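First the structure, in the form of structure tokens, and then the observations on it.
All of these numbers come straight from a predicted model, not from anything done at the bench.
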Amino acid sequence: MMQFGTQRVSADGRLEIGGCDAVDLAREYGTPLYVLDEDHLRANCRAYREALAAVTDRGLVMYASKALTTTAVAALVASEGLGLDVASAGELRTALAASVDPARLLMHGNYKSRTEMEMVLDHGVGRVVVDSLEEIAAWEERCAAAGRRQRILIRANPNVKPKTHTSIQVGQLDSKFGLSILSGAALAAVQKALACPHLELVGVHSHIGSQVLGWQAFAEAARQVADFLAEVKAQTGAVLDEVDLGGGLGIRYLPEHQPPAVAEFVREVVGALLARLAEHGLPKPLVLLEPGRSIVGEAGTTLYTLGVIKEIPGVRTYVSVDGGLSDNPRPEMYEAEYHVFIAGRADARADTVVTVSGKHCETDTLFRDVALAAPRVGDILAVQSTGAYNYAMASHGAGA
Ligand SMILES: Cc1ncc(COP(=O)(O)O)c(C=O)c1O
């Protein structure tokens, strides 16, 4: 197994998380079961805060709650001093139910519904990231009607394509997100927003993708944003005070995945931004970061009960578990891979190659050609790094 947070193998070879025996947890609460390592989650929040504080005294970490949205997680992350990024009415409601200060919330989305816009204004959400020209007009109209002034950032598309699955590359020109710097759309959006009396344009946002195992593409995007801020100043005279560099740092799904450490990632990416701004003679902005996966991903483990073993001689052995794409759609959506092992024999040699299937109709392949330690019916299968984009993407009505 990969060593994350409080996870360890006990003297009798069983997986423990936070001092709890994983097999006992599975028996007590039933499976499929998401287990979250609170200490690990808190440590990741602190790692981001400390890394940002090491490069700037004007920084704010906003947890991207789309990665895992529950009231408990929202409250926990807020208690570590992070703000929250929300991207739907549901995420906003969850953050409010967890008593997160609305001023520390930031609302995202390439299509914000009427309800979502009303909620933002009713609750006094601190920042909105605007994603289109239509949205600027819509906010101005609504804010004027409500007698409010809303703080906004423009989501700029820097035309940077990070190395990751195509479904989660969003910083290239051909993307539904943001307004292109290259085409002039981002500058047009800034000019339009500056002319709106009910909008307070404070900054620019960029997010280029997710599960990226390096910092170079983010540093390039940060430099593009800095150049754009210089262009904004030259064209409009406005000096924008906030830069949100989004999220996207990858995690270890498999032992061979080697993401940079949070400290290195933040130093290189925020460093690239600040250096380029200084070259332009621009002042140090408030820097926001929006990590999701790298806060909660490795802190989560899913436990399943192995129920059926079907050997097709000379072809393949299928092992079926009591969950599947209803609790983790990522393998079917974008061939995501995971590290799996038998929780009760965590340090035994994995010598049997099987394909782990979910219980649902459709093919529902979870983990293709993975090695397990002589799997038996009734074993508890542990899947690491399921904290992000599992529960949040689950179909809550279709589980076991
Ligand atoms: C705008 C925005 N910010 C932050 C994130 C979080 O990304 P990650 O979970 O990869 O850190 C996302 C997710 O893709 C996003 O769309």
Check: Between Phe265 and Leu289, is a side chain to side chain contact (heavy atoms under 4.5 Å, CB included) present by the stated rule, with each step listed?
Finding: CA-CA 11 Å; Phe265 172 80; Leu289 298 177; 5.6 Å; no
Between [X] and [Y], is any side-chain donor less than 3.5 angstrom from a side-chain acceptor?
X	Y	value
Arg42	Ser79	yes
Asn390	Asn328	yes
His108	Glu91	no
Gln224	Ser206	no

Are [X] and [Y] within salt-bridge range, i.e. N to O under 4.0 Å?
X	Y	answer
Arg142	Glu118	yes
Arg276	Asp227	yes
Glu298	Arg252	yes

Next item on the list: Given side chain to side chain contact (heavy atoms under 4.5 Å, CB included), test Tyr338 with Val370 step by step and report yes or no.
Entry: CA-CA 9 Å; Tyr338 286 86; Val370 290; over 6 Å; no
Checklist line | salt bridge (Lys or Arg N to Asp or Glu O under 4.0 Å): pairs with one or both residues in residues 309-319, sequence neighbours excluded | finding: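 Passing the test, one end in residues 309-319: Arg316-Asp369.
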Using a 3.5 Å distance criterion without hydrogens, assess whether the side chain of [X] forms a donor-acceptor pair with backbone atoms of [Y].
X	Y	result
Glu116	Ala89	yes
Arg49	Glu80	yes
Glu332	Thr365	yes
Ser65	Thr69	no

Item checked: Single-linkage hydrophobic cluster Met393~Ile295, side-chain heavy atoms < 4.5 angstrom ->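 No, separate clusters.
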Next item on the list: Kindly indicate, with the supporting measurements, whether the criterion side chain to side chain contact (heavy atoms under 4.5 Å, CB included) is fulfilled by Leu106 and Asp244.
Entry: CA-CA 11 Å; Leu106 174 154; Asp244 184 333; 3.5 Å; yes
Next item on the list: Could you walk me through whether Gln191 and Leu187 pass side chain to side chain contact (heavy atoms under 4.5 Å, CB included), step by step?
Entry: CA-CA 6 Å; Gln191 285 164 329; Leu187 183 62; 4.1 Å; yes
Note to self: Can you confirm whether Lys112 sits close enough to Val128 that some side-chain heavy atom of one is under 4.5 Å from a side-chain heavy atom of the other?
What the structure shows: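 SC-SC contact between Lys112 and Val128 confirmed.
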Item checked: Check: Ile251 and Gln211 side chains under 4.5 Å, non-hydrogen atoms ->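 Yes, side chains in contact.
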Counting only heavy atoms not in [X], do more than 12 sit closer than 6.0 Å to its [atom1] atom?
X	atom1	answer
Glu141	CD	no
Tyr391	OH	no
Glu279	CD	yes
Lys192	NZ	yes
Tyr29	OH	no

Next item on the list: Anything under 30° is parallel, anything over 60° is perpendicular, the rest tilted; go ahead and classify Tyr253 against His257.
Entry: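 Correct class here is perpendicular.
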